[in-house]
Amino acid sequence: MKIITEVLTETVSAAFEKAGYDKALGMVGISDRLDLCQFQCNGAFAGAKAYRKAPFVIAEEVTEILKENPIFGDVHWVKPGFINMTLSDEYMVKIMKEIAAEGRGGAPEVSNPRKIVMDYGGPNVAKSLHIGHLRSAIIGESVKRLARALGHEVIADVHLGDWGLQIGLVIAELSERFPGEKCFGEDFDPEKDSVPELTVDMLGEIYPTASAKSKTDEEFSKKAHLATHELQRGRAGYTALWREILRVSVSDLKNNYSHLGVDFDYWYGESDADKYIPELLEILQSKGLSRESEGALIADVAEEDDKAPMPPVIVQKSDRSSTYATTDLGTIIQRERDFAPDEICYVVDNRQELHLTQVFRLSRKAGLVPDETKLTILGFGTINGSDGKPYKTRDGGVMRLSDLINTVTEASLTRLADSEKVAADDREEYAQKLGMAAIKFGDLINHRSKDYIFDLDKFLSAEGKTGIYLLYTVSRINSVLKKAGDAPRELHGLYTDSDREVALAIITAGEAYAGAMREYAPNIICENAYKTAVAYSRFYHENRIIDEPDPERRASWLALSELVREVLTKQLYVLGIETVENM
Ligand code: ARG
């Protein structure tokens with residue numbers, strides 16, 4: 001199914017050509033004045049300059065040709081030279097039938113599917129997920145689902161932070177608590193010896209303690225750095241302990257992500273890049289890209305026209321350990337080798353932009369990926385509290401993701417407490433789904449690069465641009481269709497302004513998908529879903545769907561309702577939001 005504005009652009013371009021003008025003038029867009037028309041073409045203005053004619057003269061000639069086309073219910077030109085178009089009811093019905101038959105919920109299929117590696121989530125082993133990780137997970141999952149909905153191949157990799165100082169800190173702390181354990185000795189034998197068994201709760205306590213200690217205790221800090229370094233060089237006891245930390249932490253993370261409805265194909269970590277590092281250093285050296293500086297190896301990536309300072313990349317520290325940049329470069333080699341993707345997208349906090357820009361530049365210089373492989377940063381802003389500062393817990397600490405989710409679920413549960421529609425047994429499950437919908441929609445409605453304020457009351461409101469409003473609309477359609485039972489559902493025609501508006505929303509959903517994909521902007525899907533829901537609500541209030549006496553109308557309206565549900569459900573799915581039956 002082609003996107004409607006593409007179909008119309010072809011039609012209008014052909015008319016420009018037939019009238020003797022350049023067909024490139026026939027670009028059609030959705031009108032922002034629905035009271036005047038559904039679609040608009042402004043090509044006559046550009047034509048006016050090229051052909052030295054008044055724009056309306058051109059618009060008039062093109063309009064005359066378009067008038068013969070039955071896809072339009074109305075085409076007219078208005079001064080100074082706009083061409084305004086509205087589709088005929090028959091054509092809208094035809095397209096809606098095609099959308100329904102395709103079963104893609106209005107998502108178009110791309111003609112050039114690409115292979116995209118998505119790097120999102122980015123949790124750090126041994127640390128608990130905090131609210132900063134929420135956006136990467138929500139946005140990344142949505143972009144993944146969006147790309148897949150259009151037919152792209154997406155490989156999702158969580159890119160665990162499992163190779164950095166946080167592990168050294170935990171090892172150092174454990175070595176003080178369990179000094180007698182074999183894993184801290186030089187003669188640890190992985191075949192025979194075991195390591196202390198850890199739990200999530202232990203890790204949850206040990207890491208913050210160790211991290212705080214390292215800030216005041218220099219000796220301890222040195223110990224942690226040394227442990228990190230020795231782990232990276234393969235010290236047996238530390239490797240075994242690292243495996244134990246990973247075992248506990250990863251199963252907890254998987255649990256957390258599954259609650260969020262976020263899912264990865266690969267659970268590779270920074271540590272998996274380790275085996276590519278010798279090769280990386282070799283390439284950099286042989287191409288003359290790295291040099292020594294104060295015992296470390298660095299690579300310059302500054303360019304002449306840089307407006308801001310672009311520091312060199314540290315590829316190896318003076319103690320020969322790797323850096324965050326090294327693991328990202330090694331990971332690029334791994335991804336190229338394993339997947340040969342057309343693009344790698346990183347969903348990261350805006351503050352990581354400099355880091356990734358350095359990494360990308362060095363990858364290009366070193367030829368780690370072919371020139372045509374795109375490397376993309378999808379940067380996101382901060383989640384703030386009502387004071388405009390990063391969202392914190394009541395006592396000013398970093399908000400843990402699980403606490404946030406609990407808070408939101410509790411709040412939804414309170415709202416459901418006296419619901420007539422949701423049975424007491426279902427309330428817990430509903431509260432979780434509503435909570436997730438509130439959080440995810442509240443996040444995704446903002447352009448990802450912007451900061452936003454976490455406003456629970458607003459997110460949980462059943463009115464306005466919220467996930468709850470959308471779930472509510474779907475649930476309303478569920479009950480309409482349920483009440484209608486097995487009454488016939490078939491699109492015959494359109495009858496009122498309000499059903500036409502719903503039809504237009506359905507027909508233009510494809511446009512939103514294409515735009516959202518082009519800009520990696522799920523907020524475009526949010527806006528479109530909201531627009532569709534508003535149109536449906538108006539239609540619902542202005543008509544008596546089930547009690548409509550005319551059988552053709554009733555069948556059409558039931559089919560229209562069903563199609564709206566399909567389109568909305570698909571869009572919500574792309575946003576990572578599950579619907580509920582009845583609320
Ligand atoms: N673990 C990192 C953090 O918590 C995010 C990783 C982002 N991805 C990457 N390839 N660098 O900040």
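As the structure is a computational prediction, the values presented were derived from the model and not from experiment. One is the number of the first residue; the rest follow in order along the sequence.
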Can you tell me which residue pairs pass the ring pair (Phe, Tyr, Trp, His ring centres under 6.0 Å) test with a partner in residues 224-252, sequence neighbours excluded? W163-W242

When you compare the side chain of V158 with that of Y120, does any pair of heavy atoms fall below 4.5 Å? no

Is K182 positioned over the aromatic face of F188, cation under 6.0 angstrom from the ring centre and no more than 45 degrees off axis? no

D274 (side chain) donor-acceptor with E270 (main chain) under 3.5 angstrom: no

Please confirm whether the backbone N or O of R114 pairs with a side-chain atom of H152, one donor and one acceptor, at under 3.5 Å? yes

Within 45° of the ring axis of Y540 and under 6.0 Å from its six-membered ring centre, is that where the NZ or CZ of R476 lies? yes

Residue pairs, two or more places apart or on separate chains, that pass ring pair (Phe, Tyr, Trp, His ring centres under 6.0 Å) and touch residues 385-409: Y391-F454

Can you name the residues that form a side chain to side chain contact (heavy atoms under 4.5 Å, CB included) with R335, not counting sequence neighbours? V117, D119, D157, H159, T331, F339, I344, Y346

Closest non-hydrogen atom pair, E173 against T209: OE2-CG2, 4.2 Å

Within-4.5 Å side-chain heavy-atom neighbours: Y430 and L471: no

Would you find a donor on one side and an acceptor on the other, under 3.5 Å apart, between the side chain of E578 and the backbone of Y573? no

Looking at D300 and K365, does any basic side-chain N land under 4.0 Å from a carboxylate oxygen? no

Ring pair (Phe, Tyr, Trp, His ring centres under 6.0 Å) for F459 and F441? Distances and angles first, verdict last. CA-CA 8 Å; F459 292 0; F441 199 90; 9.3 Å; no

Do any N or O atoms from the side chain of S290 and from the backbone of I298 form a donor-acceptor pair under 3.5 angstrom? no

